[in-house]
Amino acid sequence: MEKYDLLKDQLIHEGLIEVSDIIVPTVISEEAILRCHNGEYLQKLQEGRLSRNEERQSGFPWSLSLIKRERIIMEGTRLCGRIAAKGHVAMNIAGGTHHAHAAHAEGFCLLNDLVIAAHDLLALGLERILIVDLDVHQGNGTARMTEDDPRVFSFSMHGASNYPLRKAQSNLDVALPDGTGDGVYLHRLAQSLDEVMSHFLPEVVLYQCGVDVLDSDRLGHLSLTLDGCARRDKMVFDACRTADIGILCAMGGGYSENVSTIVRAHTNTFRMARDCWT
Ligand SMILES: [Zn+2]
């Protein structure tokens, strides 16, 4: 949890953002959540009525402050989506809760911010939204929540042996073996992005840019270097610049032993975004 504060401080320290660039969200409305989440589930979640099994599956002990925090994160990503839809880049310093399903919590994800943001934009009239999920874990909740909607394309590139054991089916899945490394990873990403961008022609990209792809990560097994991870982000940003569309970034996972490595990797994402948009 400490990475979020450290990241904000580091971004300011390095001059990548100004304090005036920061938007502090309030809690998201229920209406925005209910565009894609189950009403009964939301009620149970808010009132602390999850079964012991459901609570364990969420990964968190339930508390009111946990729910408030989650709703603030959701609003952050939703607001970023609005900015991205205007052709800009906007980054949520948290978020990327891609394991949350319509009616259950999973893997430290209670609500799915990327899908909520997608539905917010669909309600505005957008018709082709691309979710690019490069966290080392498959975006199973995102895949399931968007599978019946042709207006949202889910692309997940992840470690084949990583959680979840049983994968959902995204519109495009690229499952990579342990120890993949920079060269093969970036090659596969370039190919897949090319294919998706040219066939789906998205109006906006929602990017889950988890840094648990690093070789230093305790949970991921894909063995990317810090430089490779930064080049990954740049590749996604370059694709958006070429297509002249905006992008929302939600930070996703990062579990390197040394928190400064995690912060460096996330800071690189912001640096790549700044370089691409200035
Ligand atoms: Zn992850």
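Every number for a ligand or one of its atoms is a count from 1 in the order of the listing.
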Asker: Could you list the cluster mates of Ile83? Members are the ILVMFWY residues connected by side-chain heavy atoms closer than 4.5 Å, either directly or through other members.
Answerer: Ile23, Leu79
Asker: Confirm or rule out an N/O/S atom of His98, from backbone or side chain, lying less than 2.8 Å from the Zn ion (ligand 1).
Answerer: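 Not a single backbone or side-chain N, O or S atom of His98 is under 2.8 Å from the Zn ion (ligand 1).
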Asker: So which N/O/S atom does His137 have closest to the Zn ion (ligand 1)?
Answerer: ND1
Asker: Give me the other members of the hydrophobic cluster that Val27 sits in, counting Ile, Leu, Val, Met, Phe, Trp and Tyr linked by side-chain heavy atoms under 4.5 Å, directly or via other members.
Answerer: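 Grouped by the 4.5 Å side-chain rule, Ile72 form the rest of the cluster around Val27.
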Asker: Regarding Ser256 and Ser216, do their side chains bring together a donor and an acceptor under 3.5 Å, going by distance alone?
Answerer: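 Yes, a side-chain donor-acceptor pair sits under 3.5 Å.
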Asker: Quick check: of its N, O or S atoms, which one does Asp135 have closest to the Zn ion (ligand 1)?
Answerer: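 For Asp135, the N/O/S atom sitting closest to the Zn ion (ligand 1) is OD1.
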Asker: Around Arg71, counting heavy atoms of other residues, nucleotides and ligands shown, do more than 12 lie under 6.0 Å from its CZ?
Answerer: yes
Asker: Looking only at N, O or S atoms in Asp212, which is nearest to the Zn ion (ligand 1)?
Answerer: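 Checking each N, O and S atom of Asp212, the shortest distance to the Zn ion (ligand 1) belongs to OD2.
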